[in-house]
Visitor: 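Quick one: this structure, given as structure tokens, is what I'll be asking you about.
If you read the sequence from its start, that first residue is 1, and numbering goes on from there.
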Amino acid sequence: MSTVRDSHQLTAKRLAAGTVALGAAAFGYASGIERRHFVLRTAELPVLAPGARPMRVLHVSDLHMLPGQRAKQRWVAALDRLDPDLVVNTGDNLAHPKAVPAVLRALGPLLERPGLFVFGSNDYYAPKPKNPARYLMPRGKKKRIHGKKLPWRDLRAAFLEHGWQDLTHVRRTLTVGGQTVFAAGLDDPHLRRDRYGEIAGPAEAATLRLGVTHSPEPRILDPFAADGYDLVLAGHTHGGQLRIPGIGALVTNCELDRSRARGASRWGAHMWLHVSAGLGTSPYAPARFACPPEATLLTLVERGGTTTKTTKATPRKAPRAIR
């Protein structure tokens with residue numbers, strides 16, 4: 001009996017040791033490899049007015065940039081080779097008080113193209129150390145913790161100087177490749193800074209009617225859909241950041257359901273939603289698992305079709321992933 005008991009104890013110890021080793025390997029991969037494995041996601045969405053020519057929109061979000069992240073800066077700058085017609089930035093660019101020059105290095109070539117932007121919570125406030133378990137807590141039970149104020153006004157001034165347009169609580173019409181885009185945006189719903197009443201009303205006729213927000217909260221997606229927008233772009237979720245193969249995102253860090261944490265989905269009968277998994281993480285939670293950092297090249301086509309396959313494959317013109 002003693003021999004059997006000793007054998008069971010040895011097996012239990014080996015299982016425990018194996019579990020610890022597997023967990024350590026997974027954490028090492030998530031924090032040391034995957035969070036630096038940048039990928040380009042592509043998708044085709046049928047959202048343009050009938051008869052419109054295809055439009056290429058580069059969606060970037062959640063850079064969470066630190067001054068020394070040179071590889072990320074080079075990779076993002078190389079996205080200019082994709083030759084997008086329009087660039088849309090859905091916020092959370094900063095992660096450090098001195099990161100504005102780093103963000104401008106990353107986006108430099110893209111700032112010469114037509115661009116739209118809104119800001120997120122991590123443009124306004126620096127990240128702070130937090131208990132990692134908070135990430136898995138229901139949102140309503142989390143106490144909001146703000147860090148020091150970040151120089152978002154400097155970043156905004158630089159974007160505006162280069163010709164990008166701030167969509168915070170405004171409605172604008174612009175011409176992109178000879179086609180009209182009617183766009184409206186909100187301040188960050190995650191911080192409850194959104195005031196949809198300032199942009200409420202039917203979207204004006206255009207080739208594309210575009211909504212832009214940082215956090216994809218259902219309470220603001222519903223009025224965008226009711227006002228006739230074709231597409232809303234958002235970020236914030238990091239795609240869940242930690243995903244389980246076969247299950248997907250564990251959380252979205254907002255009220256959006258987990259099935260929509262990353263990529264394109266329908267919202268109502270008419271509107272499409274695209275949520276970027278983003279290009280960074282908080283410096284205090286530097287890990288991604290089954291959810292590599294990404295930018296997305298959206299090919300928009302006329303309504304009446306269906307989406308083509310969405311993929312993380314890197315097309316020939318795209319920059320190679322930098323590890």
Side-chain angles (χ1 to χ4, degrees), residues 43 45 47 57-64 86-94 115-125 139 144 152 155-156 159 164-174 181-204 206 208-240 249 251-258 260-268 270-280 294-296 298 300:
L45 299 178
V47 296
V57 175
L58 179 65
H59 183 187
V60 295
S61 194
D62 296 88
L63 287 165
H64 293 280
L86 176 67
V87 182
V88 180
N89 181 321
T90 50
D92 271 12
N93 296 275
L94 304 173
L116 303 170
F117 68 93
V118 294
F119 284 147
S121 58
N122 286 125
D123 293 304
Y124 299 121
Y125 301 103
R139 187 183 178 200
R144 190 161 290 150
W152 65 270
L155 185 61
R156 179 180 185 272
F159 284 174
W164 277 19
Q165 298 191 39
D166 185 356
L167 283 185
T168 303
H169 298 143
V170 296
R171 294 156 57 102
R172 299 186 185 278
T173 299
L174 61 153
V181 175
F182 177 77
L186 294 170
D187 208 344
D188 187 11
H190 183 64
L191 294 181
R192 294 199 169 270
R193 296 171 66 118
D194 57 296
R195 299 191 298 274
Y196 192 88
E198 296 192 16
I199 61 169
E204 296 179 9
L208 170 66
R209 296 164 294 187
L210 176 67
V212 181
T213 183
H214 177 63
S215 180
E217 302 289 350
R219 62 183 168 80
I220 59 97
L221 296 176
D222 287 341
F224 270 125
D227 281 340
Y229 287 83
D230 303 304
L231 172 65
V232 169
L233 300 184
H236 178 71
T237 66
H238 295 189
V251 294
T252 63
N253 198 26
C254 64
E255 300 301 325
L256 190 71
D257 55 284
R258 293 184 297 109
R260 303 173 191 266
R262 178 180 70 182
S265 62
R266 295 297 293 265
W267 192 273
H270 173 80
M271 193 175 80
W272 284 88
L273 168 68
H274 182 266
V275 179
S276 171
L279 283 155
E294 66 178 40
T296 308
L298 299 170
L300 309 183

Visitor: Roughly how far, to the nearest 0.5 Å, is the OG atom of S215 from the CD1 atom of I220?
Guide: 7.5 Å

Visitor: So, using ring-ring contact (aromatic ring centres under 6.0 Å, His included) as the criterion, who are the partners of F224 when residues are at least two apart?
Guide: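 ring-ring contact (aromatic ring centres under 6.0 Å, His included) check on F224 returns Y196, Y229.
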
Visitor: Using only atom types and a distance under 3.5 Å, with no angle test, would you say the side chain of E294 pairs donor to acceptor with the backbone of S276?
Guide: no

Visitor: Show the nearest heavy-atom pair for residues A261 and V275, with the distance to one decimal.
Guide: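 That closest heavy-atom pairing would be O-CG1, 3.4 Å.
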
Visitor: Determine yes or no for a side-chain-to-main-chain donor-acceptor pair under 3.5 angstrom, with R171 supplying the side chain and I199 the backbone.
Guide: yes

Visitor: Please check: side-chain N/O of T213 versus main-chain N/O of L186, any donor-acceptor pairing under 3.5 Å?
Guide: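 Not confirmed, T213 side chain does not pair with L186 backbone.
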
Visitor: Quick check for you: to the nearest 0.5 Å, what is the distance between L231 atom CG and H270 atom NE2?
Guide: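 Reported to 0.5 Å precision, the distance equals 9.5 Å.
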
Visitor: For the residue pair R193 and F119, would you count it as a cation-pi contact if the rule is NZ or CZ under 6.0 angstrom from the ring centre and within 45 degrees of the ring axis?
Guide: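 The answer is no, since R193 fails at least one limit relative to F119.
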
Visitor: What pair of heavy atoms forms the shortest contact from P216 to A234, and how long is it?
Guide: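 Closest heavy-atom pair between P216 and A234: CB-CB, 3.7 Å.
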
Visitor: Can you list the residues that meet the ring-ring contact (aromatic ring centres under 6.0 Å, His included) rule with H236, with sequence neighbours excluded?
Guide: H190, H214

Visitor: Is the backbone N or O of A183 less than 3.5 Å from a side-chain atom of R172, with the two atoms forming a donor-acceptor pair by type?
Guide: no

Visitor: Assess the residue pair L116 and L210 against the criterion (side chain to side chain contact (heavy atoms under 4.5 Å, CB included)); give the C-alpha distance rounded to whole Å, side-chain angles, the decisive distance to 0.1 Å, and a yes or no.
Guide: CA-CA 10 Å; L116 303 170; L210 176 67; 4.0 Å; yes

Visitor: Might you point out which heavy atoms bring R260 and S265 nearest each other, and give the distance in Å?
Guide: NH1-OG, 3.0 Å

Visitor: Please test T237 against R262 for side chain to side chain contact (heavy atoms under 4.5 Å, CB included), starting from the C-alpha separation and ending with a verdict.
Guide: CA-CA 8 Å; T237 66; R262 178 180 70 182; 5.7 Å; no

Visitor: Measuring from L86:CG to L233:CG, what's the distance to the nearest 0.5 Å?
Guide: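 Answer rounded to 0.5 Å: 8.5 Å.
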
Visitor: Does W267 have any side chain to side chain donor-acceptor pair (under 3.5 Å) partners at least two apart in sequence or in another chain, and if so, which?
Guide: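 Once residues adjacent in sequence are excluded, the partners of W267 under the side chain to side chain donor-acceptor pair (under 3.5 Å) criterion are D222.
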
Visitor: Give, for atom CG of N122 and atom NE2 of H64, the distance between the pair rounded to the nearest 0.5 Å.
Guide: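 With rounding to 0.5 Å, CG (N122) is 5.0 Å from NE2 (H64).
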
Visitor: Determine whether E217 and D194 make a side-chain contact, defined as any pair of heavy atoms from C-beta on separated by less than 4.5 Å.
Guide: no

Visitor: Rounded to the nearest 0.5 Å, what separates atom OG in S121 from atom CG in D188?
Guide: 5.0 Å

Visitor: Under 3.5 Å, side chain of D62 to main-chain N/O of L279, donor-acceptor pair present?
Guide: no

Visitor: Specify whether W164 and F159 have parallel, tilted or perpendicular ring planes, treating 30° as the upper limit for parallel and 60° as the lower limit for perpendicular.
Guide: tilted

Visitor: A side-chain contact here means heavy atoms from C-beta on lying under 4.5 Å apart; do H169 and D187 qualify?
Guide: yes

Visitor: Return the CZ to CG distance between F117 and D166, rounded to the nearest 0.5 Å.
Guide: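 F117 atom CZ to D166 atom CG measures 4.0 Å (nearest 0.5 Å).
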
Visitor: Would you say R219's side chain and P189's backbone share a donor-acceptor pair under 3.5 angstrom?
Guide: yes

Visitor: So, do L256 and L221 sit near enough that their side-chain heavy atoms are less than 4.5 Å apart?
Guide: yes

Visitor: Sub-3.5 Å donor-acceptor pair from the side chain of R209 to the main-chain atoms of G228, do we have one?
Guide: yes

Visitor: For L63, does its backbone N or O pair with a side-chain atom of N93 as donor and acceptor, under 3.5 Å?
Guide: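 Not a single qualifying donor-acceptor pair exists.
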
